[in-house]
Amino acid sequence: MGPDSQSCEPSSSTTSTGPTAACTVELPVAGTQVAPGIVGAAVVLLAAAAAVALVGRAGRWLVAVVTAAAGVLVGASAVAVLADPRAAALPVVTTQTGVGRVVGAVEVTLWPWAATAVGVAVVLSAGWLVRTSRTWHAPSRRHEATPAAEGPVDERGAWDALSRGDDPT
């Protein structure tokens, strides 16, 4: 049977409306459905990667803590799916079929294992960030506004300021 196939066989049980059918449905469930925290952690990690280049020493410590927390979230979400895949898939199965139980084998792909490895790697990278960021240079102040010069600026002074990269206005 394909991933969305369905087979129904008449059963011997009857209800007040007539005979019922026993159906078996193969239902593929995406990792984002059983572990939605991984998507949120990915967004946090992208923001942390951008922030680490822009912040000073104290900010890098905060980025390292947030990175470690995101790595723990990724790892814990994946391990929860590996520990009990039937319970992880049950809310999705209930939503899509209206049946509140999972019957039969639940197959797990390699992706939860890969997500667990990524979670561990992210936590280790947060530790690396803490160890190595002490030697990094502070962010540049190049693009910060400089105080305006006192007094009137003549035409030649305005051109000299522009040549230096300053805004004379």
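The structure displayed is predicted, hence computed values, not measured ones.
Taken together through direct or relayed side-chain contacts under 4.5 Å among Ile, Leu, Val, Met, Phe, Trp and Tyr, Val39 and Leu46 form parts of separate hydrophobic clusters. Taken together through direct or relayed side-chain contacts under 4.5 Å among Ile, Leu, Val, Met, Phe, Trp and Tyr, Leu124 and Val52 form parts of separate hydrophobic clusters. Following chains of ILVMFWY side-chain contacts shorter than 4.5 Å, one cannot reach Trp61 starting from Val66, and the two form parts of different hydrophobic clusters. Val118 and Leu73 fall into different hydrophobic clusters, where Ile, Leu, Val, Met, Phe, Trp and Tyr residues are linked whenever their side-chain heavy atoms come under 4.5 Å apart, directly or through other members.
What you find for Leu54 and Ala50 is that their closest heavy atoms are CG-O, 3.6 Å. Closest of all the heavy-atom pairs between Ala88 and Val81 is CB-CG2, 4.1 Å. Between Val93 and Arg101, the shortest heavy-atom contact is CG1-O, 3.9 Å. When every heavy atom of Gly71 is checked against every heavy atom of Val123, the shortest pair comes out as C-CG2, 3.8 Å. When all heavy atoms of Val63 and Ala51 are compared, the closest pair comes out as CG2-CB, 4.0 Å. Between Ala89 and Val29 the shortest heavy-atom distance is CB-CG2, 4.5 Å.
Counting heavy atoms from C-beta outward, Val122 and Val74 have side chains that stay 4.5 Å or more apart.
Distance CG/Leu45 to OG1/Thr67: 6.0 Å, rounded to 0.5 Å. Distance check: Leu27 CG to Thr97 OG1 gives 7.0 Å after rounding to the nearest 0.5 Å.
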